[in-house]
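Residue numbers count from 1 along this sequence. In listed order, ligands and their atoms are each counted from 1.
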Amino acid sequence: MKNPRADRIVQALDAFRIELPSWGFSNTGTRFGKYLQPAAATTIDEKFSDAQQVHQLTGVCPTLALHVLWDLPNGTDDVNRIAGLSARHGVQPGSINPNLFEDQVYKFGSFGNPDDTAREHALRHARDSVAIARRLNSRDIVLWFADGSNYPGTANIRQRKQWFEENLRALHADVDPRQRLLVEYKPFEPAFYHTDIADWGMALAFARSAGPHARVLVDTGHHYQSQNIEQIVAWLLADDMLGGFHFNDRRYADDDLTLGSIDPYQVFRIFHEILFFEWESGTRADIAYMIDQSHNLKGKIEAMIQTVMQAQELYSKAALVDHEALASAQARCQLVDAESVLRDAFSTDVRPIIAEWRTANRLPVNPLDAFRQSGYLERITDERRGRISATSSYA
Ligand code: LRH
Ligand code: MN
């Protein structure tokens, strides 16, 4: 008996892919310290190995986001090694993240630093990152800047805006048509008075002024408390300027908690805006779904698998929204009906269909249980024990 709702979920799961962050497998913490896990990955080999586990168990994580200074400390000289690891572990290099915040030269900023040698240093590193992406066949370069100031009057905000426009345009000139620059915004931290790319509007303006291969990246943790993230998503979709997501969850600020752990309905509303747009426009939104989390307390690999399973569940629920009924209720201002269309989908238990989809794709019905039974964690804990040391770098 044909089940159109099940078919919609299967179609959604067949299309849904989500990228893992290499730094999600290593020991990260807060400014109040790191709680070290013996099994945490410290080398790029181990990060690819752990990503392979998650991809083999879920089937939907074929790429690994790389952070240049943490994963390619020798820049382009590390490209062949990365390509070798990628081939060995069956996980492709994903988005390339330049690090424009850890070097001491960035104390007063990178692209926005009043010192032109610091700006040149930053642009050189960003250009190297574009070259690394090209050599690794990675499409996206994710640009997040810690740039800003901590006290009123200490920065010429308009001057810094001009330097950003100049440097982003210069960087865009290096990008080939297959590639994209994804501009990531964040309202605060580490800067606590002003941040040069503080919200979606500033990121959109910078992406537009940079050039046609620039888009905006939405990190779900980078919003003021009551900001309507799905409205930002709808706007960026409407203008074809949405390039991708860094998914995580938060209760207060950029907490980088696991997706859907605090407000699953938030992620559902975001997925709904995307799938509603695709239904209405008859096009597939060209979006990179990525995870950006730091697993300070949860087991790193377990947290990653849990995140992927949660993302599949919420994406499947959003695929169940009856867009026809919704559009007609919206047009007739039938508020309760319109809201109920979303609530019905959100409150549907999609897990049985997802389990069938996994079986049909020769994947374990419950990837988390399968991981726990695999013995992989015990093996790497033995192999990696006694090496961990608290380093100053974030990951
Ligand atoms: C900044 C951010 C950025 C990454 C970093 C690990 O908060 O979201 O995307 O470079 O986390
Ligand atoms: Mn991010």
Looking only at distances, can you tell me whether any N or O atom of Trp144, backbone or side chain, sits closer than 3.5 Å to an N or O atom of ligand 1? no
Checking the N or O distance criterion of under 3.5 Å, is ligand 1 in contact with Trp23? no
- Query: When the ring planes of Phe111 and Phe145 are compared, do they come out parallel, tilted or perpendicular, using 30° and 60° as the limits?
  - Reply: tilted
Asp263/Arg250 ion pair, N-O < 4.0 Å: no
Listing protein N, O or S under 2.8 Å around the Mn ion (ligand 2) gives Glu184 OE2, Asp219 OD2, His246 ND1, Asp292 OD2
Counting both backbone and side chain atoms, is some N or O of His246 under 3.5 Å from an N or O of ligand 1? yes
Exercise for the section: Take every heavy atom of Glu189, measure it against each atom of ligand 1, and state whether any distance is under 4.0 Å. Expected result: no
Practice item. Compute the shortest N/O to N/O distance between His67 and ligand 1 and return yes if it is under 3.5 Å, no if not. Key: yes
Residue pairs meeting salt bridge (Lys or Arg N to Asp or Glu O under 4.0 Å), one or both in residues 52-79, sequence neighbours left out, come to Lys47-Asp71
Result for salt bridge (Lys or Arg N to Asp or Glu O under 4.0 Å) between Asp196 and one of Lys161, Arg160, Lys186 points to Arg160
inquiry  = Check this for me, if you would: do Asp239 and Arg208 make a salt bridge, where the nitrogen-to-carboxylate-oxygen distance has to be below 4.0 angstrom?
reply    = yes
(Q) Check this for me - ligand 1, Asp256, N or O atoms closer than 3.5 angstrom, yes or no? (A) no
inquiry  = Strictly below 4.0 Å, N to O, side chains only: are Arg119 and Glu166 in salt-bridge contact?
reply    = no
For Glu230, the side-chain contact (heavy atoms from CB on, under 4.5 Å) test, sequence neighbours excluded, returns Asn228, Gln266, Arg269, Ile270, Glu273
Sorted by chain and number, sequence neighbours left out, side-chain contact (heavy atoms from CB on, under 4.5 Å) with Gln310 holds for Leu259, Pro264, Glu313, Leu314
